[in-house]
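Order of listing sets the numbers, starting from 1, for every ligand and every atom in it. Note that the numbering runs from 1 along the sequence shown for the chain. These numbers come from the heavy atoms of this one structure, side chains and all, not from hydrogens, waters or symmetry mates.
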Amino acid sequence: MPHIIKIDQQNPDKDTLDIISKLISKGKTFIYPTETFYGIGALYNDETSVVKIFDIKGRDLINPLPLIIPEISFLQKISADISTNALKLAAQFWPGPLTLVFKADDNLSHTITAGTGTVACRHSGLNVINIILKRINSSITSTSANISGRKNASNISKIDKKILDSVDFIIDAGNTNGGLPSTIIDVSREPFKILRKGAIDSSLLVDYCSCIT
Ligand code: AMP
Ligand code: MG
């Protein structure tokens with residue numbers, strides 16, 4: 001089993017945050033908590049680690065990987081074409097469990113986009129992860145910590161042993177909220193389309209933005 005680093009979600013220890021940030025910046029793969037479930041992370045621009053995520057999950061290379069970003073302004077590094085309505089949605093519902101699919105910047109890894117020309121991304125509502133992302137000033141993959149097609153995990157003990165053994169380290173922050181995964185909306189063209197119903201009620205989103213179908 002790889003090294004498990006325990007962290008308090010409410011009151012994260014500074015030295016522990018330093019250790020975690022250094023490991024991520026070096027290109028390590030890891031399990032980490034989000035406000036919904038545990039995810040598997042790798043630096044978004046470290047191609048070797050990104051490819052490893054597909055191996056770890058047994059994920060088909062035609063299935064793109066979502067990202068989480070440190071703040072809304074980071075969007076300019078991954079997409080060159082974001083509509084005003086898409087930005088409004090992000091500003092209203094981030095940080096939180098809303099994944100938005102944007103047109104991807106040409107420079108973004110084609111492994112992440114899986115050749116779709118789009119990238120799914122969100123600003124997580126879990127404070128401890130945002131602190132880490134701000135420290136590394138980068139984005140990480142945010143796919144769920146399960147073998148493709150299996151159940152999501154809201155606690156380290158619920159993660160498949162094969163997944164736990166395949167990453168470089170594990171961030172254990174106890175229980176996450178579980179429930180529904182993030183809601184996914186394609187905002188790469190209007191009208192926006194709900195791709196997956198999830199933690200943010202679709203009717204709230206449709207009420208806020210008339211360009212969602
Ligand atoms: P997971 O399977 O845990 O990685 O969940 C992420 C979800 O986001 C999956 O349903 C993916 O198909 C979806 N997703 C990731 N990237 C994209 C994208 N570029 N366009 C549309 N859906 C995406
Ligand atoms: Mg999943």
Side-chain angles (χ1 to χ4, degrees), residues 29-45 47 49-69 74-75 77-83 86 89-90 93-94 96-126 129 139-156 158-160 162-164 166-167 176-200 202 205 212-213:
T29 56
F30 55 100
I31 306 275
Y32 69 93
T34 75
E35 74 270 49
T36 54
F37 295 100
Y38 274 84
I40 313 180
L43 269 186
Y44 83 113
N45 54 358
E47 189 65 11
S49 307
V50 168
V51 169
K52 244 193 231 167
I53 305 277
F54 283 83
D55 285 346
I56 291 171
K57 286 194 61 139
R59 188 183 183 92
D60 208 322
L61 281 165
I62 59 165
N63 199 352
L65 273 186
L67 301 176
I68 53 170
I69 56 174
F74 197 86
L75 278 179
K77 297 204 180 175
I78 59 172
S79 176
D81 186 0
I82 300 175
S83 71
L89 260 187
F93 291 95
W94 285 357
L98 176 67
T99 299
L100 299 176
V101 175
F102 301 96
K103 275 186 200 140
D105 190 282
D106 284 344
N107 294 320
L108 192 67
S109 157
H110 288 201
T111 314
I112 283 175
T113 64
T116 57
T118 60
V119 58
C121 120
R122 77 186 163 105
H123 180 198
S124 166
L126 193 72
I129 260 326
S139 164
I140 59 173
T141 60
S142 86
T143 185
S144 51
N146 52 7
I147 292 174
S148 282
R150 301 222 186 132
K151 271 193 174 166
N152 293 324
S154 55
N155 188 289
I156 296 294
K158 294 182 180 161
I159 301 175
D160 201 298
K162 185 176 161 284
I163 298 263
L164 292 175
S166 336
V167 294
T176 63
N177 289 343
L180 294 173
S182 65
T183 305
I184 306 181
I185 304 186
D186 183 351
V187 297
S188 65
R189 69 178 75 99
E190 293 190 20
F192 300 160
K193 201 170 159 211
I194 298 177
L195 301 182
R196 178 174 79 185
K197 291 190 171 175
I200 296 192
S202 306
L205 294 159
I212 301 174
T213 56

Using a heavy-atom cut-off of under 4.0 Å, does the side chain or the backbone of Asp186 touch ligand 1, or both, or neither?
neither

From Ser166 atom OG to Ile31 atom CD1, the distance as rounded to the nearest 0.5 Å
8.0 Å

Assess the side chains of Arg196 and Ser182: does a donor N or O sit below 3.5 Å from an acceptor N or O?
yes

Below 4.0 angstrom from a heavy atom of Asn63, which ligand 1 atoms are there? Numbered from 1 as shown, please.
11 (C), 12 (O)

For the pair Arg122 and Glu35, evaluate salt bridge (charged side-chain N to carboxylate O under 4.0 Å, His left out) and give the outcome as yes or no after the intermediate values.
CA-CA 12 Å; Arg122 77 186 163 105; Glu35 74 270 49; 2.9 Å; yes

Those atoms of ligand 1 less than 4.0 Å from some heavy atom in Ile184:
7 (C), 8 (O), 13 (C)

Taking the six-membered ring for Trp and the single ring otherwise, decide whether the centroids of Tyr44 and Phe74 are under 6.0 Å apart.
yes

With side chain to side chain contact (heavy atoms under 4.5 Å, CB included) as the test, pick out the partner of Ile56 among Ile147, Thr143, Val51, Ile40.
Ile40

Give, for atom OG1 of Thr99 and atom CG of Asp186, the distance between the pair rounded to the nearest 0.5 Å.
12.0 Å

Atoms of ligand 1 less than 4.0 Å from Arg196 heavy atoms?
5 (O), 7 (C)

Hey, looking at atom 6 (C) of ligand 1, which of Gly115, Ser188, Ala120, Pro66 has the closest heavy atom?
Pro66

I'd like to know if Asp105 and Lys77 make a salt bridge, using a cut-off of under 4.0 Å between side-chain N and carboxylate O.
no

So is Thr113 touching ligand 1 or not, going by heavy atoms under 4.0 Å?
no

Nearest neighbour in protein (non-hydrogen) for atom 3 (O) of ligand 1
Ser144 OG, 2.7 Å

What atoms of ligand 1 come within less than 4.0 Å of a heavy atom belonging to Thr143?
1 (P), 3 (O), 4 (O)

For atom 18 (C) of ligand 1, what's the nearest protein heavy atom and its distance?
Pro64 CG, 3.5 Å

Backbone, side chain, both or neither: what part of Asn146 comes under 4.0 angstrom of ligand 1, heavy atoms only?
neither

Counting backbone and side-chain atoms alike, does Thr143 have an N/O/S atom under 2.8 Å from the Mg ion (ligand 2)?
no

Please write down residue, atom name and distance for the protein heavy atom closest to atom 2 (O) of ligand 1.
Arg59 NH1, 3.2 Å

Interatomic spacing from CZ in Arg150 to NZ in Lys162 - rounded to 0.5 Å
8.5 Å

Under 4.0 Å from one or more heavy atoms of Thr118, ligand 1 contributes atoms 18 (C), 19 (N), 20 (N)

Are Lys57 and Asn146 close enough, and set up right, to give a side chain to side chain donor-acceptor pair (under 3.5 Å), and what steps lead you there?
CA-CA 6 Å; Lys57 286 194 61 139; Asn146 52 7; 3.0 Å; yes

Out of all atoms in ligand 1, which are within 4.0 Å of some heavy atom of Leu195? Include the element for each.
21 (C)

